[in-house]
Amino acid sequence: MELDPDKIPRHIAIIMDGNGRWAKKRLLNRINGHEKGMGVVRTIVQTACRLHIPTLTLFAFSTENWNRPKTEVSGLMMLLRRFVVTERRTMIKNGIRLNAIGQFDKLPPSVRDALQSVMDVTSRNSDMVLNLALSYGARSEIVEMAKQLAIAAKNGDLEPNAITPEIVSDHMYTKGMSDVDLLIRTSGEMRISNFLLWQIAYAELFFTKTLWPDFSEEEFISIIKDYQSRDRRFGAIT
Ligand code: FPP
């Protein structure tokens, strides 16, 4: 069965989980698992682009991940920087716009600079948006939105009764993008873990036992096929 071009998800979000367990099974260092995971990120980004998915959001580092051992945090930051630097050309060539979502200021300057430079050079690309969620937490995102709206109301620029879901969406990091159609989590965990809580209201959820470093283009495509076979009712009846 081929993919139905009329039912391509407009926004896919992925919780890339299981790098540590993948490494442990092979008696490797956790960073080796993240490194292998980075290769899978490359593959999935290219596949999503080829399939004309307008928005792909990857959970690369959560606000809670700062609590991991220092060596793992710095190893992950090093990999992120390397990813951004080495993928720069491919992103430019393939029309991908890179966008970091989360607490940008908390990232180390070397990672921020690399991200900023690629975000700037790809800012006019329009084939696909690649959101990298870094130091990201959905509750913090919602709190920030509430603060912005409260300030606007206090200044007389916003009538509280006029607040709509669209206005809320316009104050999230994903402003201007579609809500998530398909959320994938690898490694068998069945949790949302504070990821895109507002944007997944009507997302189809897909959990796979595959550890992220073992995830493949074939499995990604088969999950999209599964998504295309689902009956999305958005609370109505068909
Ligand atoms: C979860 O696995 C994964 C992460 C915390 C980081 C995700 C990072 C990558 C896929 C590599 C680098 C990313 C980019 C965008 C270049 P885990 O460590 O929680 O695994 P475990 O649950 O098995 O311990």
Side-chain angles (χ1 to χ4, degrees), residues 12-49 53 55-91 94 96-104 106-108 110-119 122 128-138 173 183-196 206-217 219-220:
I12 299 183
I14 311 183
I15 303 176
M16 311 179 289
D17 199 5
N19 296 347
R21 274 162 285 167
W22 183 92
K24 194 172 176 198
K25 275 207 306 197
R26 289 163 179 77
L27 305 175
L28 294 168
N29 191 294
R30 292 180 61 85
I31 288 298
N32 298 123
H34 295 312
E35 196 164 15
K36 182 84 163 86
M38 181 170 90
V40 179
V41 171
R42 274 199 191 104
T43 306
I44 297 306
V45 169
Q46 294 321 317
T47 306
C49 188
I53 311 267
T55 307
L56 177 68
T57 303
L58 303 177
F59 205 177
F61 196 88
S62 72
T63 44
E64 291 72 32
N65 287 153
W66 293 113
N67 299 324
R68 293 196 176 190
K70 247 182 161 175
T71 46
E72 183 170 351
V73 170
S74 58
L76 270 168
M77 291 298 146
M78 183 268 294
L79 286 177
L80 282 164
R81 187 176 174 282
R82 199 200 294 167
F83 173 80
V84 173
V85 171
T86 57
E87 293 306 294
R88 177 189 179 100
R89 283 181 61 169
T90 318
M91 288 193 239
N94 291 343
I96 298 172
R97 173 159 76 86
L98 180 70
N99 184 43
I101 64 170
Q103 304 162 318
F104 194 74
K106 292 219 169 146
L107 302 170
S110 63
V111 176
R112 271 199 322 248
D113 292 349
L115 282 164
Q116 193 61 57
S117 146
V118 180
M119 285 195 290
T122 62
M128 183 176 96
V129 179
L130 171 61
N131 289 318
L132 281 188
L134 297 167
S135 194
Y136 174 86
Y173 294 125
L183 172 71
I184 301 170
R185 182 170 190 149
T186 58
S187 93
E189 308 294 351
M190 310 256 260
R191 289 189 286 275
I192 302 297
S193 301
N194 201 16
F195 191 41
L196 302 174
F206 198 101
F207 299 98
T208 168
K209 289 209 163 89
T210 306
L211 303 176
W212 179 253
D214 291 327
F215 196 69
S216 63
E217 167 167 317
E219 184 165 9
F220 186 50

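It should be emphasised that the depicted structure is a prediction, and the values quoted were computed from it without experimental measurement. When a ligand or atom number is given, it counts from 1 through the structure's own listing order.
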Open item on the list: Are any of the N/O atoms on Gly20, whether in the backbone or the side chain, positioned under 3.5 angstrom from an N/O atom of ligand 1?
Closed with: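 In this structure, Gly20 places an N or O atom under 3.5 Å from an N or O of ligand 1.
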Open item on the list: What I want to know is whether Trp22 and ligand 1 share at least one N or O pair that is separated by under 3.5 angstrom.
Closed with: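 There is no such contact.
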Task: Sole residue of Thr90, Val129, Val45 in side chain to side chain contact (heavy atoms under 4.5 Å, CB included) with Ile96 - done: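 Single side chain to side chain contact (heavy atoms under 4.5 Å, CB included) partner of Ile96 among Thr90, Val129, Val45: Val45.
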Task: Identified side chain to side chain contact (heavy atoms under 4.5 Å, CB included) partner of Ile14 from the options Thr57, Leu183, Leu56 - done: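 Answer after filtering Thr57, Leu183, Leu56: Leu56.
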Open item on the list: Once you measure the plane-to-plane angle for Phe61 and Trp66, does it fall in the parallel (<30°), tilted (30-60°) or perpendicular (>60°) bin?
Closed with: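 Phe61 vs Trp66 ring planes: perpendicular.
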Which bit of [X] gets closer than 4.0 Å to ligand 1, counting heavy atoms only: side chain, backbone, both or neither?
X	result
Arg81	neither
Glu35	neither
Asn65	side chain
Trp212	side chain

Report yes or no: does a heavy atom of [X] sit under 4.0 Å from some atom of ligand 1?
X	result
Leu58	no
Ser187	no
Glu189	no

Task: Option nearest atom 22 (O) of ligand 1 (shortest heavy-atom distance, choices Arg21, Arg82, Arg42, Met16) - done: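 Selected option, by shortest heavy-atom distance: Arg21.
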Tell me the protein heavy atom at minimum distance from [atom], and give that distance in Å.
atom	answer
atom 8 (C) of ligand 1	Asn19 ND2, 3.7 Å
atom 19 (O) of ligand 1	Arg68 NH2, 2.8 Å
atom 11 (C) of ligand 1	His34 O, 3.4 Å
atom 7 (C) of ligand 1	Ala60 O, 3.6 Å

Task: Ligand-residue contact atoms, ligand 1 with Leu80, heavy atoms, under 4.0 Å - done: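 Answer, ordered by atom number: 14 (C), 15 (C).
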Open item on the list: With heavy-atom distances below 4.0 Å as the criterion, list the atoms of ligand 1 near Arg30.
Closed with: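 Counting atoms of ligand 1 from 1, those under 4.0 Å from Arg30 are 17 (P), 18 (O), 24 (O).
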Task: Donor-acceptor under 3.5 Å (Arg185 side chain, Arg191 main chain) - done: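 Checked: pair present.
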Open item on the list: Using only atom types and a distance under 3.5 Å, with no angle test, would you say the side chain of Asn29 pairs donor to acceptor with the backbone of Ile31?
Closed with: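 Side chain of Asn29 to backbone of Ile31: a pair is present.
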Open item on the list: Quick check: closest heavy atoms across Gly33 and Pro213, and the distance to 0.1 Å?
Closed with: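 So the minimum-distance heavy-atom pair works out to O-CG, 3.8 Å.
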Task: Heavy-atom pair of closest approach, residues Arg81 and Ala114 - done: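 Where Arg81 meets Ala114 most closely, the heavy atoms are CG-CB, 4.0 Å.
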- [ ] I would like to know whether Glu189 and Arg21 meet salt bridge (charged side-chain N to carboxylate O under 4.0 Å, His left out); could you show each step before the answer?
- [x] CA-CA 12 Å; Glu189 308 294 351; Arg21 274 162 285 167; 3.2 Å; yes
TODO: Any salt bridge (charged side-chain N to carboxylate O under 4.0 Å, His left out) involving residues 23-34? Give me the pairs, sequence neighbours left out, ordered by first then second residue.
DONE: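 Every salt bridge (charged side-chain N to carboxylate O under 4.0 Å, His left out) pair that includes a residue of residues 23-34, provided the two are not neighbours, is Arg30-Glu72.
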Open item on the list: Holding to side-chain hydrogen bond (donor to acceptor under 3.5 Å, both in side chains), I want the full list of residues that pass it with Arg42, two or more places apart in sequence or in another chain.
Closed with: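 Listed in chain order: Thr86, Glu87.
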